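What you see is a predicted model, and the numbers here were worked out from it, not measured in a lab.
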Amino acid sequence: MAVLERGGRFLTAEPLFPPAPGDGDRPRSRSAITVRPERSGPRAARVGDLVLVAPPARAQPARVIRSLGRPDVARDLLEGLMLDRGLARRFPADVERDAKQAAERVLADPGPRTDLRELPTFTIDPASARDFDDAVSAQALEDGAARVWVHIADVAAHMREGSPLDREARLRATSVYVPGAVEPMLPHALSSEACSLRPGVDRAAVTAELEFEGDRVRRSVFYRSLIRSDARLDYEQVDRIFDGREQAAEPWAEPLRVARRVARALAERRERAGALVIDSVEPEFEFDPDGHITAIRGRAQTESHRLIEHLMIAANEAVAELLAARSVPCLYRVHERPDPERVLRLVEQLASLKVPTPPVPDPLSSTQAADLLGAISVAVERHAERTGSGRIALGALVLRSLKQAYYSPQNMGHAGLHSRRYCHFTSPIRRYPDVVCHRALLSAVGGGEHAHRASELIELGAWTSERERGAMLIERDADDVARCFVLERLLFEEGPDRTFDGEVTGLISAGAFVSFGTGEGGAQAFEGMLPVRRLRAPAPARTRSGRREDRDGGRGRAQGRERGGAGEGREWWELNEQGTVLRGERSGAAIALGEPIEVRVARVDTVRGRVDLLPAG
């Protein structure tokens, strides 16, 4: 990926993006290369365009494959980032053909199914969602119990194992979501059409029918179904209904009320069991028709989000329980218990910040560490609510104490959810492990599918876990780039000397990471680095981060500038052993995680998604 420039009589392509983590095995030039002159016509690449370049071969110069637009347009640059990171951005012709034929085949003959089209059904998704892979129905029973149907798009019916469509989905393993765009696992004919549970149309589904007595599943049954959603609800609308600001409509008003009651009971049970409690605010970016980002909105976890989350967790657990009981090979979602040493370090870190934590057993087993971590997450959340600061920074400390979740054919439980058995079943449009679990489930209940062979699942679990981590890195970097576009626009409109309130979210010996500025919906809009060389004692500083989980450091010292009465001197800043406080040796000034700080912007590097900061004073 490069920007086309003119060098004398020649056109050159100047590489734009820096190498990504793990890019060492993908050779790429970091210097300008000569390219063929642009073609004539309206689609010809122009000087200054962002272009995709094929490298030189057999004494032939590099050539421009296509122009993506301009690097100062957010949508164009994000498209370039996705291509630069190896995303295909299109499907092979045989895969597209396979998807369209599959959609027509299932529509013409969905096969034996339980007809649930008369059952009131609804979906709840973000307002911007285009694919809907889960829908819900609910009904109160005479004995006070409740029946909930969780309907999931029947991707396995459309995607035969070993077909071109299946091989491509397996290769991609996951959809990748960046601001304003998505790299889907499945072609549009399925992901946004035939497999999307849109209202008013018949759709093939796999249904988990669960009977709840309080917070306990007393009965579960699974089958292929035919459904028709009555309403496409969004989170904001459902929250307005829950707050009494909007009236629910028939026929889904009563099912929504029952689903809400069940979800509340499940939430209370999980809290009692010690499941992790870490709320986050995710950014959503708004684009104008020209591809420029106009606003950042914060998408907080509200009751409507938690309703869907708890019902989906219940369905995933029920599927995993059945597959384990019948010894059917599948991919479990494994989240191992945390190492006791890491939890003890977390307790020390929080103590250094004067955040109260529950008593620590001595000695501390891995089971006790998992229970303690859940209790700590609750204590951190309450501390943040009470003090009004530190939620992102302290939540990041908790997350760094966890092991990373992954896919495996061996069930070892999900520590974060305090679940004995857990799998991913509810998002087969965007995750291949969910397709694996659909096939396993349907093979177990006589649904006409075959489970994947146990011998292939170890490798498949490792591959899908790797692809998931790669997608998360791309999504994180794309969010950073999008934030920089908004920040540049804000500084242009309000002036470069504008100051921002922020919080320290991460510390290393070289400086502090700061989340600053507030977007619509209360999200911290921007993130940047405040180097110690820019610090002036005794100015205090405070932060907050959540996305910089890989940036905490060990104990170290760094030199910064101190402003004194008779001139400028030097201050040495030392990071404490817990990595939670930077302290000036001469002045005693301190910068701690979670504390407020006022900053201004020194530099915005949009392509790299980086912001350099200065103290406001």
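Salt-bridge check for Arg420 with Glu321: passed, with a basic side-chain N closer than 4.0 Å to an acidic carboxylate O. A salt bridge links Arg172 with Glu183: at least one charged nitrogen is closer than 4.0 Å to a carboxylate oxygen. Taking 4.0 Å as the cut-off between side-chain N and carboxylate O, Asp234 and Arg240 do not count as a salt-bridged pair. Ion pairing of Glu456 with Arg170 is present here, as a side-chain N (NZ or NE/NH1/NH2) and a carboxylate O approach within less than 4.0 Å. Of the charged side-chain nitrogens involved, none lies within less than 4.0 Å of a carboxylate oxygen, so that Asp131 and Arg430 do not count as a salt-bridged pair. One finds no salt bridge joining Glu317 and Arg421 here, because no Lys/Arg side-chain nitrogen approaches an Asp/Glu carboxylate oxygen to under 4.0 Å. Under a 4.0 Å N-O distance rule, the pair Arg469/Glu466 does not qualify as a salt bridge. Ionic pairing of Asp215 and Arg272 is present here: one or more N-O contacts between side-chain nitrogen and carboxylate oxygen are shorter than 4.0 angstrom.
Other residues, nucleotides and ligands place no more than 12 heavy atoms under 6.0 Å from the CZ atom of Arg160.
Within the model, atoms CG of Asp134 and CG of Leu311 stand 9.5 Å from one another, a figure rounded to the nearest 0.5 Å. The distance from atom NE2 of His151 to atom CG of Leu119, rounded to the nearest 0.5 Å, is 5.5 Å.
For the salt bridge (Lys or Arg N to Asp or Glu O under 4.0 Å) test, residues two or more places apart in sequence or in another chain that qualify with Asp166 are Arg439.
In this structure, Arg483 fails the cation-pi test against Phe285, since its NZ or CZ atom is not both closer than 6.0 Å to the six-membered ring centre and inside 45 degrees of the ring normal.
A side chain to side chain contact (heavy atoms under 4.5 Å, CB included) with Ile227 is found for one member of Asp154, Val201, Leu197 and no other, namely Leu197.
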